Amino acid sequence: MRAPPPLESRRQAVFLALAAIPAGRVVSYGQLAELAGLGRGARWVGWVLGRLPEGSALPWHRVIAADGRPSLTQDSPSGREQRERLRAEGVLLHEDRVDMRRYRWNPAESVE
DNA sequence: TAGATGGCCCGTT
DNA sequence: AAACGGGCCATCT
C-alpha cells in the first residue's frame, strides 16, 4: 500500500501551482487545490497560504474565494495589500468582488 | 480520542 | 441575496 505523499511535497505542489498563476489572473482556493493535485484541499490550502513566510515572492494575493471575494477582510493590513496588488495588476473589483468569469485563470487556455 | 478551528466549497432554503 | 448544513484536509487543545 502506498503511503500518502509527505506534507512537505504537497506544500511544494501548492507553491508551484501558485507560482504558475499569471499576473492579472486569479484562482479560487479550491481551484488551486485541484491544480496542485490535492483534490478537495481548499481549506487546507487556505491554511497554508496563511502561513507563508512574509518575504515570499509568491503571488498569494491572486487566490480568492470562489464567489470572487477576497477572503481577507478589507480592514486588515493583508486584506488591503491584496486588493492593492490586484488593482495594480489590472484586476478590477466591483462591490469588493472580482468578476470570476473574466479574471479566473484557466491553465488549459494559457496560450496567451 | 473527540471536538473545535482555519484566508473554503457547494447545494439547498 | 443571504443564511445554513455537510463535506473536505490538517492542526491544535
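Predicted model, so just to flag it, every value in this text is computed and none were measured. Residue numbers start from 1 in every chain, and the chains themselves are labelled A, B, ... in the order their sequence lines are given, proteins ahead of strands.
Using a 4.5 Å heavy-atom cutoff, the side chains of F15(A) and S56(A) are not in contact. No side-chain heavy atom of R62(A) sits under 4.5 Å from any side-chain heavy atom of W105(A).
Note on S76(A): nothing from the nucleic acid sits closer than 4.0 angstrom, heavy atoms only. In this structure, G30(A) reaches the sugar-phosphate backbone alone: every heavy-atom distance under 4.0 Å involves primed, P, OP1 or OP2 atoms, never a base. When heavy atoms are screened at a 4.0 angstrom cut-off, V48(A) is found touching no nucleic acid atom at all.
When the nucleotides dC8(B), dG7(B), dC10(B) are ranked by their closest atom to the side chain of A66(A), dC10(B) comes out on top. Closest contact between the side chain of L49(A) and the listed nucleotides dT11(C), dC8(B), dG7(B) involves dG7(B). Between dG7(B), dC9(C), dC9(B), one nucleotide has an atom nearer to the side chain of A42(A) than all others, and that is dC9(B). The side chain of L7(A) approaches dT11(C) more closely than any other nucleotide in the set dG7(B), dT11(C), dG7(C).
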Check your understanding: So what's the dot-bracket for DNA chain B: Watson-Crick or G-U pairs under 3.5 Å, [ ] if a pair crosses, | if it pairs off-strand?
Key -> .|||||.||||||
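Of the residues near DNA chain C, R97(A) and L38(A), the one whose nearest nucleotide (by heavy atom distance) lies more toward the 5' end is R97(A). With DNA chain C read from its 5' end, the first of the two nearest nucleotides for R51(A) and R40(A) is the one closest to R40(A).
Residue L72(A) contributes atom CG, which lies 12 Å from atom C1' of dG6(B) at whole-angstrom precision. Spacing between atom CH2 of W44(A) and atom C1' of dC8(B) amounts to 14 Å, rounded to whole angstrom units. In this structure, Q74(A) places its CD atom 15 Å from C1' of dG7(B), rounding to the nearest Å. In this structure, R80(A) atom CZ and dG7(B) atom P are separated by 18 Å, rounded to whole Å. Atom C1' of nucleotide dA2(C) and atom CG of D96(A) are separated by 16 Å, given to the nearest angstrom. Y29(A) places its OH atom 17 Å from the C1' atom of dC10(B), with the value rounded to the nearest Å.
Applying side chain to side chain contact (heavy atoms under 4.5 Å, CB included) to V98(A) and the options D67(A), L92(A), V26(A) leaves one that passes, V26(A).
Between S78(A) and dG7(B) there is no side-chain polar atom (N or O) within less than 4.0 angstrom of OP1 or OP2.
For the P atoms, the distance from dG7(B) to dA2(C) is 23 Å, rounded to whole Å.
By the 4.0 Å N-to-carboxylate-O rule, R25(A) lies too far from E89(A) to be salt-bridged with it. Using a cutoff of 4.0 Å between basic side-chain nitrogens and carboxylate oxygens, E8(A) and R11(A) are scored as salt-bridged.
Under the 3.5 Å distance criterion, the side-chain polar atoms of R83(A) are matched with a main-chain donor or acceptor of G79(A).
The minimum heavy-atom distance linking I64(A) with M100(A) is given by the pair CD1-SD, 3.7 Å.
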